[in-house]
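Comments concern the structure below.
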Amino acid sequence: MQPKKYDIGMIGLGVMGLNLLLNMADHGYSAVGYDRVAARVRDLDRRRAPGHAIRGTGSPQECMALLKSPRIVVILVPAGPPVDAALRELLPLCRPADILIDCGNSHFTDTALRQKVLARKGIHFLGVGISGGEKGARRGPSIMPGGPREAYVWVKNIFEAIAADVRGEPCVAYLGPGAAGHFVKMVHNGIEYAMMQLIAEAYDLMKRGLGLDDDELADAFEQWDGRTFHAFLTEIAANIFRRVDAKTGKRLVDVILDEARQKGTGRWTSQAAMDLNIPVSVIDAAVAARDLSAFKAEREAASRILAGPPATLREHRKRVIGQIERALYAAILIAHAQGMVLLEAASSAHGYGLNLSEVARIWRGGCIIRSALLEEIMIGLRSRPDVPNLLVEPRLHREAASRRGDLQSIVCTAASLGIPVPSMMAALAYYDGYRSAWLPANLIQAQRDYFGAHTYERVDEKGVFHTRWEEP
Ligand code: 6PG
């Protein structure tokens with residue numbers, strides 16, 4: 001029995017849109033899916049399970065006409081111009097009080113602009129980050145909503161029903177006005193880049209440095225995940241090393257080209273952080289490492305010109321593997337600390353009013369960076385909501401401080417083997433920089449004043465000073 005009017009519309013029936021719609025239908029919501037591509041509409045019809053009140057259409061007019069008022073419409077199309085194209089198509093069909101929800105990875109500045117333009121027409125626009133890939137969309141993602149609160153109340157129940165669940169708590173929370181949701185999702189992805197790069201560095205050290213084969217690598221990640229990380233990304237690393245390529249019979253990972261691609265959300269995080277003067281060096285290093293990987297032909301040529309130490313270390317394997325595990329944990333914690341500082345700064349600058357322990361809470365399940373560490377971070381931030389940096393929150397401080405020596409040893413080992421570990425190095429340098437009561441920035445100020453009369457402040461007197469450095 002099809003309803004006369006449906007609860008929700010879905011614009012875009014690609015992988016994410018289709019799966020999110022089916023997830024809503026599983027939870028008793030009726031939904032209309034619209035896509036210009038007829039095959040996708042047919043696919044929706046094929047995937048309808050008994051009890052699903054869903055319908056596909058190739059007409060935006062029909063989609064909008066079939067929705068209850070106010071119309072709640074999710075847009076799930078690639079970020080950028082496709083979102084504007086979808087809005088152009090929908091806008092003539094919208095009435096004041098309708099709620100449009102962009103669930104893609106849109107840039108937060110685009111979301112803020114779209115919100116303003118639509119608000120002038122009385123239309124609510126929510127920018128919502130969704131993490132968890134295809135499986136998450138279908139079975140329970142982490143959902144990061146932002147935008148007008150009065151619009152969120154209309155979708156709260158739907159989001160809570162379809163989100164991942166951690167011990168009875170849905171991994172969704174209203175995060176704040178404006179583009180709060182998309183900003184948080186962007187930083188999630190920045191941390192995702194950092195974690196993936198740090199895991200790749202651990203892999204490189206164990207493969208090239210210690211000579212571990214793929215089974216040994218899978219075993220290491222499996223053990224680490226089971227006893228330390230409980231993280232999606234370490235869990236899938238173990239599975240990846242075991243996967244055999246059907247074509248060659250080799251391990252699939254060994255026939256994958258070593259050039260990482262990116263849609264850009266990690267880079268956006270670094271750019272936004274620079275605009276706010278917040279150091280997120282572990283994320284920056286991860287973005288740069290992906291960029292460097294893309295210079296494959298040049299790297300191959302340079303490998304025949306530039307010399308370095310031999311990348312092999314066969315002694316003390318067991319001890320070094322243990323150190324890598326602890327160094328990886330510390331570096332991942334430092335990446336989260338940087339991401340949280342950025343969120344706090346963005347919250348003040350853009351008026352998001354973010355509750356960081358809630359951000360940690362909704363990242364514990366469903367999303368790509370989910371891990372046991374986020375539970376620790378949530379607890380830490382609940383007890384010390386005003387802590388300026390996770391590294392000085394007492395329990396997280398202990399976790400980082402007790403592993404700093406391992407991070408140092410691993411960075412030294414990597415440097416002596418000529419194996420690049422840029423994100424681990426950045427993590428260690430950030431930790432040491434942050435714990436330095438004195439940094440050599442006084443010399444930078446002196447230089448700026450020397451060549452540009454930029455002035456400096458003194459440690460012993462208030463005010464602004466300039467010296468004519470070349471005069472006696
Ligand atoms: C997620 C992912 C998802 C996607 C990114 C990664 O949270 O589910 O982050 O959003 O995989 O687009 O993209 P790139 O690695 O291509 O930048």
Side-chain angles (χ1 to χ4, degrees), residues 12 14-20 23 74-83 101-108 110-111 127-146 159 162-164 166 171-173 175 179 181-200 231-237 240 256-273 280 282-294 332 335-336 339 342-343 359-371 374 423:
V15 174
M16 292 298 283
L18 173 70
N19 284 293
L20 207 65
N23 185 353
V74 172
I75 301 168
L76 241 170
V77 298
V83 177
I101 309 168
D102 175 13
C103 282
N105 271 337
S106 289
H107 195 279
F108 72 98
D110 288 343
T111 301
V128 177
I130 300 264
S131 178
E134 176 179 356
K135 209 166 151 196
R138 184 71 184 89
R139 300 282 166 217
S142 172
I143 306 181
M144 293 154 248
F159 282 170
I162 64 167
V166 175
C171 291
V172 57
L175 294 174
H182 276 148
F183 198 98
V184 170
K185 175 61 182 17
M186 179 187 74
V187 175
H188 164 283
N189 279 35
I191 297 173
E192 173 186 304
Y193 273 52
M195 287 179 75
M196 290 169 76
Q197 174 62 24
L198 289 164
I199 289 170
F232 173 71
L233 287 170
T234 43
E235 181 193 323
I236 65 167
I240 288 169
I256 294 179
L257 184 68
D258 55 322
E259 276 186 44
R261 307 272 185 243
Q262 50 188 318
K263 288 201 211 107
T265 42
R267 182 181 70 243
W268 294 351
T269 309
S270 290
Q271 288 168 334
V280 292
V282 188
I283 297 170
D284 300 340
V287 175
R290 284 200 197 189
D291 291 340
L292 183 60
S293 79
I332 288 176
H336 282 75
L342 172 57
L343 285 180
V359 173
R361 183 184 72 72
I362 67 172
W363 283 352
R364 290 175 311 154
C367 64
I368 304 298
I369 66 168
R370 63 183 183 259
S371 72
L374 281 159
S423 280

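Quick caveat, the model's predicted, so the values are computed rather than measured. Read the numbers this way: they start at 1 and go in the same order the structure lists the ligands and their atoms.
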(message) Can a side-chain donor-acceptor contact be found between Asp110 and Ser106 if the only test is distance below 3.5 angstrom?
(response) no

(request) Answer yes or no: is there a donor N or O on one side and an acceptor on the other, between the side chain of Thr265 and the main chain of Asn189, under 3.5 Å? (result) no

(message) Looking at Gln197, is its backbone amide N or carbonyl O close enough to the side chain of Ser423 to form a donor-acceptor pair, meaning the two atoms are under 3.5 Å apart?
(response) no

Taking only distance into account, with no hydrogens and no angle test, what donor-acceptor pairs under 3.5 Å do side-chain atoms of residues 282-292 form with protein atoms, sequence neighbours excluded?
unit_1	atom_1	unit_2	atom_2	d
Asp284	OD1	Ser270	OG	2.6
Arg290	NH1	Arg261	O	3.0
Asp291	OD1	Gln262	NE2	2.6

(message) Ile130 and side chain to side chain contact (heavy atoms under 4.5 Å, CB included): which single residue from Leu76, Ile162, Leu20 fits?
(response) Leu20

(request) Would you please test Lys263 and Asn105 for side-chain hydrogen bond (donor to acceptor under 3.5 Å, both in side chains) and show each step? (result) CA-CA 10 Å; Lys263 288 201 211 107; Asn105 271 337; over 6 Å; no

(request) Output the set of protein residues with a heavy-atom contact under 4.0 Å to ligand 1, ordered first by chain identifier and then by residue number. (result) Asn105, Ser131, Gly132, Gly133, Lys185, His188, Asn189, Glu192, Tyr193, Gln262, Lys263, Gly264, Thr265, Arg290, Ile368

